[in-house]
Amino acid sequence: MNFLPKILLLGLISSSGLGIVSPVSAETPPKIEPKALAILKQISDRLSAARSLAFTATITYESPSRIGPPLVYTTIADVTLERPNKLRVISPGDGQANQFYYDGKTITAYLPTENLVAVTKAPNNLDAALKLAYDAAAIYFPFTDIIVADPYQDIAPGLTYAFLIGQSQVVGGTTTKMIAIANNKIFAQLWIGVEDKLPRMIRAVYRDDLARLRHRKFWV
């Protein structure tokens, strides 16, 4: 099954831009609303049930300039996933283009502009392969949380906040529910389609990002 509706992901924006709260501290008491967790579970069930996913993520991120204000760069990731063990990510962009292939046996990373390729053996499990790519080569995708086998178990443990904000009619061309989640590393606001249970937009700020540089991800 391929998800074709437009999905919008915005990540890593400043807490002042969110206009809600800053990332929680380790001392903040847990405040978990069952309704918010139920929505997260619906997203997870919808995504994990799909035997295949195909989408394009346009990722805009900021980097400090030599004179202070940040510069903006953009990359694109064309993603094709076939469960349980095949993933292809093609990423052109303002920076170095790269390609990533996983076939259940090996991981191949290719830099076309440099004509460089690296191949390593990989476990026959997508979650384990993604962890290997990160541990061995710091390869990380901003959409990792939604392509793992069980997104709920990847997101829910350790949450200190999860609450329902309300509905929106202006994101993703459909009615969405808004929830906020937080742990000791990240604060995120999510827009989820009421009908299709798909994430349409996410805004997040990372606690250890002192510069509060903004990163945006759009899915189509």
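Index from 1, following the sequence. Just so it is clear, the structure is predicted and the values come from calculations on it, not from any experiment.
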Between [X] and [Y], is there shared hydrophobic-cluster membership here, with clusters defined by ILVMFWY side-chain heavy atoms closer than 4.5 Å?
X    : Y    : result
I32  : I39  : yes
L130 : L132 : yes
L164 : L198 : yes

After noting the C-alpha distance and the side-chain angles of I179 and I192, does the key distance pass the side-chain contact (heavy atoms from CB on, under 4.5 Å) rule? CA-CA 8 Å; I179 64 172; I192 300 96; 3.9 Å; yes

Partners passing side chain to side chain donor-acceptor pair (under 3.5 Å) against [X] (at least two apart in sequence or in another chain):
X    : value
R83  : none
Q169 : T175
Q167 : none
K131 : D135

Could you tell me the separation between the [atom1] atom of [X] and the [atom2] atom of [Y], rounded to the nearest 0.5 Å?
X   : Y    : atom1 : atom2 : result
R46 : D196 : CZ    : CG    : 6.0 Å
N98 : L116 : CG    : CG    : 12.0 Å
L40 : I181 : CG    : CD1   : 5.5 Å
Q42 : K177 : CD    : NZ    : 6.0 Å
E82 : L126 : CD    : CG    : 11.5 Å

List in chain and number order the residues that pass salt bridge (Lys or Arg N to Asp or Glu O under 4.0 Å) with K41, two or more places apart in sequence or in another chain; answer none if no residue qualifies.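 With sequence neighbours excluded, K41 shows a salt bridge (Lys or Arg N to Asp or Glu O under 4.0 Å) to D45, given in chain and number order.
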
Work out which heavy atom in [X] is nearest to a heavy atom in [Y]; give both atom names and the distance.
X    : Y    : value
V148 : D145 : CG2-O, 3.6 Å
A128 : P123 : CB-CG, 3.5 Å
N183 : G158 : CB-O, 3.3 Å
L111 : A97  : CD2-O, 3.6 Å
P112 : Q99  : CG-NE2, 4.3 Å

What do the steps show when you test V194 against T174 for side-chain contact (heavy atoms from CB on, under 4.5 Å), and what is the final call? CA-CA 8 Å; V194 171; T174 187; over 6 Å; no

Run T144 and Y134 through side-chain contact (heavy atoms from CB on, under 4.5 Å) and show every step you take. CA-CA 11 Å; T144 293; Y134 180 78; over 6 Å; no

Under the side chain to side chain contact (heavy atoms under 4.5 Å, CB included) rule, collect the residues that match up with S168, sequence neighbours excluded.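 For S168 the side chain to side chain contact (heavy atoms under 4.5 Å, CB included) partners, ignoring immediate neighbours, are V170, V171, T176, M178, W191.
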
Is any side-chain heavy atom of I90 less than 4.5 Å from a side-chain heavy atom of I76?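 A side-chain contact under 4.5 Å is absent here.
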
Side chains of S91 and T75: closer than 4.5 Å at any heavy-atom pair? no

Taking T160 for its side chain and A182 for its backbone only, find out whether a donor-acceptor pair lies under 3.5 Å. yes

In a check of side chain to side chain contact (heavy atoms under 4.5 Å, CB included) between L81 and each of V89, L53, L47, which one passes? L53

Side chain to side chain donor-acceptor pair (under 3.5 Å): pairs with one or both residues in residues 114-129, sequence neighbours excluded: N85-N124

If a pair satisfies ring pair (Phe, Tyr, Trp, His ring centres under 6.0 Å) and one of its residues is in residues 64-92, list it, with sequence neighbours excluded.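 Pairs touching residues 64-92 that pass the test: Y61-Y73.
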
Pairwise ring pair (Phe, Tyr, Trp, His ring centres under 6.0 Å) hits with a residue in residues 87-119, at least two apart: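 Every pair satisfying ring pair (Phe, Tyr, Trp, His ring centres under 6.0 Å) with a residue in residues 87-119: F100-F141.
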
Could you walk me through whether I107 and I139 satisfy the side-chain contact (heavy atoms from CB on, under 4.5 Å) test, starting with their C-alpha distance in whole Å, then the side-chain angles of each, then the deciding distance to 0.1 Å, before giving a yes or no? CA-CA 11 Å; I107 290 174; I139 296 174; 5.5 Å; no

Could you pull out every donor-acceptor pair under 3.5 Å between side chains of residues 149-157 and any protein atom, sequence neighbours left out?
from	atom 1	to	atom 2	distance (Å)
D150	OD1	S44	OG	3.0
D150	OD1	Y152	N	3.2
D150	OD1	Q153	N	3.4

With clusters built from Ile, Leu, Val, Met, Phe, Trp and Tyr whose side-chain heavy atoms come within less than 4.5 Å, directly or transitively, what are the remaining members of the cluster of I67, listed by chain and number?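 Reading the cluster by chain and number, I67 sits alone, since nothing else belongs.
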
